[in-house]
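In what follows, chains are A, B, ... by sequence order, proteins preceding strands, each numbered from 1. Bear in mind the structure is a predicted one, so any value in this text is a computation, not a measurement. We use all heavy atoms of the structure for the numbers below, so side chains are in, but hydrogens, waters and symmetry mates are not.
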2 protein chains.
Amino acid sequence: MEAKEILKSSISKIATLSDTQFDYFFSHFKKHTLQKKEIIVRRGDMVEAEYFVVAGCLKSYFITPENKMCILQFAMPTWWASDYDALYHQTKATTILDCVTDAEVLSLSNDDREKLCKELHQIEYFFRWRTNKGFVASQRRLLSLMSNDVKYRYEELVRQYPQLYNMIPKNLLAAYLGVSRETLSRLYKD
Amino acid sequence: MEAKEILKSSISKIATLSDTQFDYFFSHFKKHTLQKKEIIVRRGDMVEAEYFVVAGCLKSYFITPENKMCILQFAMPTWWASDYDALYHQTKATTILDCVTDAEVLSLSNDDREKLCKELHQIEYFFRWRTNKGFVASQRRLLSLMSNDVKYRYEELVRQYPQLYNMIPKNLLAAYLGVSRETLSRLYKD
DNA sequence: AAATGAAAGTGATGTAGATCACGAACTTCA
DNA sequence: TGAAGTTCGTGATCTACATCACTTTCATTT
């Protein structure tokens with residue numbers, strides 16, 4: 001399936017757009033073909049777009065002063081990613097967005113998103129819905145981080161996203177779970 | 001200032017509504033006067049509304065099987081709160097929402113919000129904006145939880161929300177920071 | 001095919017923060 | 001005003017996980 005079709009199918013699960021409207025919407029996206037490890041948003045960059053994943057996998061993460069990597073999000077196909085803090089507040093990126101695997105993404109600039117949201121009520125509805133979903137997901141993760149131990153968090157992650165288990169190196173899963181790779185390695189002997 | 005004025009002023013910072021439009025919007029809210037410790041959303045309830053805080057302070061939290069309290073959010077005046085996971089997915093509440101102090105809130109049902117969002121584009125804009133803000137805030141907190149130690153998190157919290165420091169018992173601050181009250185107590189001798 | 005580097009396993013040891021236990025001070029309410 | 005509940009401080013001990021150090025396996029590049 002083509003990038004355009006994947007986006008269309010993803011949007012139409014939520015919002016109702018005519019073909020003409022969708023074509024107009026789509027005309028604001030740029031397609032990017034990226035290699036494993038390629039960096040999309042660099043720390044310190046001004047961020048002016050967000051990214052819809054068509055194929056492959058991205059990660060957004062923070063590097064602490066002690067050089068520890070903390071992964072905020074993996075982005076699989078049909079997910080969106082960016083440094084939303086920087087994007088919405090028009091400040092410099094504090095997190096990095098890069099490719100875990102070769103990937104294909106569609107970018108939409110902040111200005112175009114806002115323009116489209118104004119022009120088409122259904123687009124605004126879509127983006128409200130999408131952020132609602134992201135908000136709830138990140139609240140859930142917060143809760144899980146506060147209330148469960150590493151073992152349980154790891155099992156939950158594998159249960160909920162079995163694709164990640166095969167696709168993503170364990171050291172990255174550890175950085176997502178907020179645990180050292182050594183500890184994670186010791187855990188899954190069971 | 002009256003509840004209506006507080007809501008109006010809060011909304012008008014983001015969205016442009018005529019007086020008539022705002023009055024219509026406001027007509028969907030119900031006012032509630034609540035006492036300290038009063039419970040708004042109980043675990044297991046069906047959640048059908050969200051709450052705008054006019055005065056006082058709420059907290060939303062989860063109780064683990066081991067009886068540990070994990071606070072997801074404090075809600076101060078002009079903030080919104082609910083069990084959004086349950087509200088959006090129309091499932092039973094897993095978190096509790098109650099009053100840290102006596103409080104006055106305005107409730108808006110899920111159905112009315114969706115109806116209003118459909119009817120008035122500016123309302124949809126407002127709610128998209130609000131969730132964006134909440135999403136970014138919870139991503140930030142996630143990052144802080146993963147990358148900073150308790151001491152730093154505590155100092156950040158006090159720096160960012162000095163009101164909380166005086167208003168809220170330390171055991172609740174501990175439950176928000178994800179740390180035992182004893183450890184927190186030992187920390188702020190400095 | 002050799003070489004470089006990333007990913008992963010594992011032992012030894014260190015440490016931040018949890019848990020338990022007790023007592024003091026401060027609130028709330030009958 | 002007295003009693004019960006909340007909040008808070010602090011010592012002693014415990015533990016989950018981090019850190020360091022070394023080795024092995026596997027993947028990538030030239």
Side-chain angles (χ1 to χ4, degrees), chain A residues 34-39 56-57 59 61-71 74 96 98-103 144-158 164-190, chain B residues 34-39 56-57 59 61-71 74 96 98-103 144-158 164-190:
Chain A
L34 304 162
Q35 289 194 338
K36 186 171 172 172
K37 298 203 180 178
E38 205 170 332
I39 296 181
C57 179
K59 68 176 191 289
Y61 59 103
F62 178 75
I63 301 286
T64 70
E66 302 79 36
N67 241 33
K68 186 180 145 192
M69 175 191 289
C70 303
I71 297 183
F74 290 113
I96 303 167
D98 71 10
C99 299
V100 175
T101 65
D102 290 353
S144 169
L145 209 56
M146 290 205 289
S147 55
N148 304 130
D149 63 13
V150 181
K151 187 164 188 176
Y152 188 83
R153 260 144 57 211
Y154 176 69
E155 283 161 3
E156 274 294 283
L157 181 70
V158 173
L164 294 181
Y165 180 81
N166 301 309
M167 191 169 183
I168 299 193
K170 301 285 179 287
N171 58 341
L172 295 187
L173 290 188
Y176 178 86
L177 293 168
V179 79
S180 73
R181 57 162 206 88
E182 292 95 331
T183 298
L184 185 62
S185 163
R186 283 169 184 123
L187 275 177
Y188 57 80
K189 288 186 215 163
D190 325 326
Chain B
L34 304 162
Q35 290 193 334
K36 185 170 171 174
K37 299 204 178 178
E38 205 170 330
I39 297 180
C57 180
K59 68 178 192 288
Y61 59 102
F62 178 75
I63 301 286
T64 70
E66 302 79 35
N67 241 34
K68 186 181 145 193
M69 175 191 290
C70 303
I71 297 183
F74 290 113
I96 302 167
D98 70 10
C99 300
V100 176
T101 65
D102 289 353
S144 170
L145 210 55
M146 289 204 292
S147 54
N148 305 129
D149 63 12
V150 181
K151 187 165 187 176
Y152 188 84
R153 261 145 56 212
Y154 176 68
E155 283 161 2
E156 275 294 283
L157 181 69
V158 173
L164 293 182
Y165 180 81
N166 301 309
M167 190 168 183
I168 298 191
K170 302 282 179 290
N171 59 340
L172 295 187
L173 290 188
Y176 178 87
L177 292 167
V179 78
S180 72
R181 57 161 207 89
E182 292 95 332
T183 298
L184 184 62
S185 163
R186 281 170 185 122
L187 275 178
Y188 56 80
K189 289 187 219 165
D190 326 325

Counterpart residues, side chain to side chain donor-acceptor pair (under 3.5 Å), relative to [X] (two or more places apart):
X        : value
A:Thr101 : none
B:Thr183 : B:Ser180
B:Tyr154 : none
A:Glu156 : A:Arg159

Distance check needed: [N] [atom2] versus [X] [atom1], whole Å only.
X        : N      : atom1 : atom2 : answer
A:Glu66  : D:dA18 : CD    : C1'   : 13 Å
B:Lys170 : C:dC26 : NZ    : P     : 14 Å
B:Lys37  : D:dT6  : NZ    : C1'   : 7 Å
B:Leu184 : D:dG9  : CG    : C1'   : 12 Å
B:Leu177 : C:dA18 : CG    : P     : 10 Å
A:Asn67  : D:dT19 : CG    : P     : 12 Å
B:Tyr165 : D:dT7  : OH    : C1'   : 14 Å
B:Lys68  : C:dT19 : NZ    : C1'   : 12 Å

C:dA6 phosphate, OP1 or OP2: any side-chain N/O from A:Asn171 under 4.0 angstrom?
no

At under 4.0 Å, does any side-chain N or O of A:Tyr188 touch on OP1 or OP2 of C:dA8?
no

Would you say A:Lys59's side chain and A:Tyr176's backbone share a donor-acceptor pair under 3.5 angstrom?
no

Answer yes when A:Asp98 and A:Lys37 have at least one side-chain N-carboxylate O distance shorter than 4.0 Å, and no when they do not.
no

Partners meeting side-chain contact (heavy atoms from CB on, under 4.5 Å) with [X] (sequence neighbours left out):
X        : result
B:Lys36  : B:Asp102
A:Val150 : A:Arg153, A:Val179, A:Leu187
A:Ile63  : A:Arg43, A:Tyr61, A:Asn67, A:Met69, A:Ile96

Looking at every heavy atom in both B:Leu184 and B:Tyr188, which two are closest together, and how far apart are they?
O-CD2, 3.0 Å

Atom pairs under 3.5 Å: protein N/O with N/O of nucleotides 15-17 of chain D:
| unit_1 | atom_1 | unit_2 | atom_2 | d |
| --- | --- | --- | --- | --- |
| D:dC17 | OP1 | A:Val150 | N | 3.3 |

Quick one: bend of the helix from C:dA1-D:dT30 to C:dA30-D:dT1 from 5 pairs per end, to 10°?
60°

Can you give the donor-acceptor pairs under 3.5 Å from side chains of residues 165-175 of chain A to other protein atoms, not counting sequence neighbours?
| unit_1 | atom_1 | unit_2 | atom_2 | d |
| --- | --- | --- | --- | --- |
| A:Lys170 | NZ | A:Tyr165 | O | 3.4 |

Find every protein N or O atom lying less than 3.5 Å from an N or O atom of nucleotides 20-30 of chain D, and list the pairs.
| unit_1 | atom_1 | unit_2 | atom_2 | d |
| --- | --- | --- | --- | --- |
| D:dC20 | N4 | A:Glu182 | OE2 | 3.3 |

